[in-house]
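Here's the structure we're looking at; comments come further down.
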Amino acid sequence: MTQTVRQIDPAEFRYADELEFLAAADTGPRPPGWRLTPRAVVTFVVGSGDRPVDGPRKQKRTIEAKFIGERALVERCVVTLAGERGLLLVGEPGTAKSMLSELLAAAVCGTSGLVVQGTAGTTEDQLRYGWNYALLLADGPSPKALVPSPILTAMRTGAVARVEEITRCLPEVQDAMVSILSDRRIAVPELAGTDGATIHARSGFTLIATANLRDRGVSEMSAALKRRFNFETVGPIGDLAAEIALVTRQATSALERVRTPFAVDAAVLEVLVTAFRDLRAGRSVEGWDVERPSTVMSTAEAVAVATSLGLAAAYFPGDRDVLSLVPGHLRGVVCKDDPADGAKLLGYWDGAVRRRAEDGGRLWRRMWELRDDLTS
């Protein structure tokens, strides 16, 4: 029997050794149903830094940072979950909200798979429950015929459920979550008069949702639903070196999945990430004004470009300088939302890129020489 190979392992599988180590290392108080202590959850997400964690039998282990952001933000998220209150992660696209949600769920309850993807087509059944219609027709409504949603499964087991892109769901679908988060139970009218008529949440149940700031106005959350959540804003990575390290790590991991080494020079990645940061912020690192494109120049997009550069270097070795591919990829990202934003990218080349080239930066001189690639 062949073993299934996943393209991407969920966090609870990818970091199983770390989770097991942290569970044994920190024996402090844990909220009901939690696999780790709150302190260990924070360490799992943001890493242990330069101080290895002391484990059983005098073992020591350095925990890698998986989410690059403020420790205080992660601590607030963990406190919210420990209080069994809903947590809503908001921010621009590509700021690792979903990754943070997955990491928190995996550390708290051991699974990140109880998730609903919010879309305009998401139904109330996907948030509450549905029915096995073959059993329903044969035997009528019964607990056996009921098909639980991921949220209902989390309620029954005292786990963390996740709802991605909650503001993509229609308002009437979102409203199904108000009673779940306030009453912590789901009524099943079809089973009235039986023990299964009301399903109560076990201790430990809570919900993490994510929402993109760009989706404001798509399906605005009601005031009642907002009151059931603690809001935390996940922003872009503040430190250039930290973002370069993350892009390198993520791109390397992506190439490892296709058994290909990542061979893009660190200096090229610095140019790439610097350009993303300049265009994202509307200001260069030197303080020069940059016109921001409509597209969010997120770290996730930078990882995608870095991965493409790595694949090109691996599969077309010697065909061309990898740096020469950067302008074309940047144009592809910048023009995603509005093709007219290509003019803003040209403005960036004529401003920040040209000035850096004049200041003597070798790679930036080469980038300036590639300006015509943006108009071809």
Side-chain angles (χ1 to χ4, degrees), residues 6 8 10-12 81 84-90 93 97-106 108-137 140-192 196-202 204-212 214-229 231:
R6 305 182 185 94
I8 300 178
E12 57 268 27
L81 298 177
E84 298 182 338
R85 183 168 170 81
L87 171 65
L88 182 61
L89 303 174
V90 301
K97 300 181 297 297
S98 296
M99 184 180 74
L100 178 57
S101 168
E102 178 186 351
L103 291 169
L104 289 169
V108 168
C109 66
T111 178
S112 60
L114 299 174
V115 58
V116 176
Q117 179 61 52
T119 69
T122 301
T123 65
E124 188 174 335
D125 290 356
Q126 292 171 269
L127 297 178
R128 293 166 58 85
Y129 61 88
W131 295 98
N132 181 321
Y133 286 102
L135 291 176
L136 189 66
L137 292 173
S142 68
K144 185 179 179 180
L146 187 143
V147 179
S149 70
I151 293 175
L152 183 53
T153 299
M155 294 175 70
R156 283 174 166 173
T157 58
V160 177
R162 302 165 54 217
V163 179
E164 294 290 327
E165 311 289 1
I166 190 173
T167 50
R168 289 282 175 182
C169 299
L170 296 175
E172 56 268 27
V173 176
Q174 294 180 24
D175 287 344
M177 283 182 279
V178 174
S179 61
I180 292 173
L181 289 173
S182 57
D183 301 330
R184 302 293 166 142
R185 61 178 179 263
I186 289 181
V188 186
E190 297 89 343
L191 300 180
T198 303
I199 301 171
H200 296 268
R202 289 184 58 181
F205 164 72
T206 190
L207 190 146
I208 305 175
T210 64
N212 282 329
R214 294 289 178 113
D215 288 341
R216 280 180 174 165
V218 174
S219 294
E220 187 67 29
M221 294 172 64
S222 68
L225 183 55
K226 287 180 179 179
R227 288 196 300 271
R228 269 69 181 182
F229 285 103
F231 281 57

Do you know the tightest heavy-atom contact between [X] and [Y]?
X: Ala176; Y: Arg128; answer: CB-CD, 3.8 Å
X: Thr122; Y: Gln117; answer: OG1-O, 3.1 Å
X: Arg228; Y: Leu181; answer: CG-CB, 3.6 Å
X: Glu164; Y: Ser101; answer: OE2-OG, 4.0 Å
X: Ala159; Y: Cys109; answer: CB-SG, 3.9 Å
X: Leu191; Y: Pro141; answer: CD2-C, 3.6 Å

- Task: Test Leu136 against Glu190 for side chain to side chain contact (heavy atoms under 4.5 Å, CB included), laying out the working first.
- Result: CA-CA 11 Å; Leu136 189 66; Glu190 297 89 343; over 6 Å; no
What's the separation between atom [atom1] in [X] and atom [atom2] in [Y], rounded to the nearest 0.5 Å?
X: Arg85; Y: Leu207; atom1: CZ; atom2: CG; answer: 12.0 Å
X: Ser98; Y: Asn212; atom1: OG; atom2: CG; answer: 8.0 Å
X: Thr123; Y: Glu172; atom1: OG1; atom2: CD; answer: 11.0 Å
X: Leu104; Y: Ile208; atom1: CG; atom2: CD1; answer: 5.0 Å
X: Met99; Y: Leu89; atom1: CE; atom2: CG; answer: 11.5 Å
X: Ile180; Y: Leu127; atom1: CD1; atom2: CG; answer: 6.5 Å

- Could you tell me which residues satisfy ring-ring contact (aromatic ring centres under 6.0 Å, His included) with Tyr129, sequence neighbours excluded, listed by chain and number? Trp131
- Any side-chain donor paired with an acceptor under 3.5 Å for Thr206 and Glu84? no
- Query: Just by distance, with hydrogens left out, do Glu165 and Thr119 show a side-chain donor and acceptor under 3.5 Å apart?
  - Reply: no
- Message: So Phe229 and Val90, do their side chains get closer than 4.5 Å, heavy atoms only?
- Response: no
- Under 4.5 Å between any side-chain heavy atoms of Gln174 and Glu220, yes or no? no
- Is a side-chain N or O of Glu102 found less than 3.5 angstrom from the main chain of Ala11, in a donor-acceptor match? yes
- Query: With distance as the sole test, does Arg162 use its side chain to make a donor-acceptor pair with the main-chain N or O of Ser112 at under 3.5 Å?
  - Reply: yes
Please tabulate, for the side chains in residues 151-158, all donor-acceptor contacts under 3.5 angstrom to protein atoms that are two or more places apart in sequence or on a different chain.
from   : atom 1 : to     : atom 2 : distance (Å)
Thr153 : OG1    : Ser149 : O      : 3.1
Thr157 : OG1    : Thr153 : O      : 2.8

- Query: For Arg168, does the CZ atom sit with more than 12 other heavy atoms under 6.0 Å from it, leaving out its own atoms?
  - Reply: no
- Query: Got a sec, which residues hit side chain to side chain donor-acceptor pair (under 3.5 Å) with Ser222, two or more places apart in sequence or on another chain?
  - Reply: none
